[in-house]
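A quick note: this is a predicted structure, and the numbers were derived from the prediction, not measured. We count ligands from 1, going down the list as the structure has it; atoms in each ligand are counted the same way.
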Amino acid sequence: MSSIRYEDAVPWGRSFDEYRRMFRLTDEDLGKKIIGAADGPASFNAVMKREGRHVVSCDPLYHCSGDDIRNRIEATYHSVLAQTAANQHLFEWDEIESPDALGELRMKAMQDFLSDYDQGRTEGRYVSGKLPALPFENGTFDLAICSHFLFLYSDNLPLHFHRKAVDELCRVAKELRIFPLLTYRGTPSPFAAPIVDYMRSRGYEVSVEEVPYRFQRGGNKMLRITRSHDC
Ligand SMILES: C[S@@+](CC[C@H](N)C(=O)[O-])C[C@H]1O[C@@H](n2cnc3c(N)ncnc32)[C@H](O)[C@@H]1O
């Protein structure tokens with residue numbers, strides 16, 4: 001099996017509908033002040049804007065211009081898709097029927113992102129920033145969501161990075177949801193349990209919850225961390 005390494009991370013964005021299901025976002029949640037950490041070229045922010053809502057996305061990718069991101073997507077799209085096709089056994093092909101259908105879904109999401117990016121940058125909705133240090137004041141957001149970054153790259157980002165990143169996300173938001181709890185190799189992240197213990201020891205309420213999103217095999221779980229009144 002070819003492995004996918006953190007340093008090779010290429011622009012690859014999920015859709016609004018996937019975000020809703022990965023994070024079990026309710027209508028009430030969508031009205032909250034949300035930060036999407038490591039959002040990359042996902043379309044969540046763009047679709048939320050179209051629906052009259054507001055999200056701030058934060059990712060180191062946003063130091064690039066829209067043209068640079070578009071060129072990078074075009075240059076890497078086929079190899080990313082080929083990599084997924086070579087690792088088909090790691091995924092459930094029910095809702096997304098094939099690697100080709102996956103490619104269409106991802107490309108549509110990334111095009112939605114690109115068509116919103118320049119305006120969103122001007123409006124402060126796409127902010128360049130890198131965990132574990134985010135450019136926001138304490139408690140700026142009600143909810144932080146982080147899709148396919150923490151836990152996914154457990155081979156490359158050590159436990160102390162995960163602790164710092166989770167601390168930082170809980171500094172800027174009252175609640176944090178992370179999805180998935182698997183690595184890119186489709187194995188459970190060795191850091192999920194230590195992070196649960198760590199945040200509980202700091203007085204946070206922590207739960208692992210099933211979500212109505214399935215794609216990586218065994219990957220339908222989200223971590224929810226909520227600030228309790230006394231921390
Ligand atoms: C696999 S993509 C996930 C994109 C999006 N969240 C989604 O699920 O479609 C991982 C993202 O993590 C971003 N990233 C890499 N290092 C980061 C860091 N230190 N802090 C925040 N984001 C980072 C990358 O730029 C990339 O956009």
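Applying the side-chain contact (heavy atoms from CB on, under 4.5 Å) test to D118 and every residue at least two apart in sequence or in another chain returns nothing. Shown here are the salt bridge (Lys or Arg N to Asp or Glu O under 4.0 Å) partners of E175, two or more places apart in sequence or in another chain: R177, R224.
Considering I195, L150, L176, V166 in turn, I195 is the only one that fulfils the side chain to side chain contact (heavy atoms under 4.5 Å, CB included) rule with L223.
Close approach of ligand 1 to S147 (heavy-atom distance below 4.0 Å) involves ligand atoms 3 (C), 5 (C), 6 (N), 7 (C), 8 (O). When each atom of ligand 1 is checked for a heavy atom of W12 under 4.0 Å away, the hits are 4 (C), 9 (O). Distances below 4.0 Å separate heavy atoms of Y19 from the following atoms of ligand 1: 5 (C), 6 (N), 7 (C), 8 (O). Close approach of ligand 1 to K130 is summarised as follows: ligand atoms under 4.0 Å from at least one heavy atom of the residue are 18 (C), 19 (N), 20 (N). Remark: ligand 1 atoms within the under-4.0 Å shell around heavy atoms of D39 are 4 (C), 5 (C), 6 (N).
If you look at Y62 and Y117, their ring centroids are closer than 6.0 Å.
At a cut-off of 3.5 Å, with distance as the only test, no side-chain donor of Y126 or D59 sits close to an acceptor on the other residue.
By the 3.5 Å distance cut-off applied to N or O atoms, L131 is counted among the residues near ligand 1.
Relative to atom 22 (N) of ligand 1, the option among G36, P60, G13 with the closest non-hydrogen atom is P60. Between A42, G40, A38, it is A38 that holds the heavy atom closest to atom 6 (N) of ligand 1.
Note that R163 lies in the cation-pi zone of Y198, set by a 6.0 Å cut-off to the ring centre and a 45° limit from the axis.
In this structure a side-chain-to-backbone donor-acceptor pair under 3.5 Å is present from N45 to V55.
Assignment of Y153 to the shell around ligand 1 is supported, since a heavy atom sits closer than 4.0 Å.
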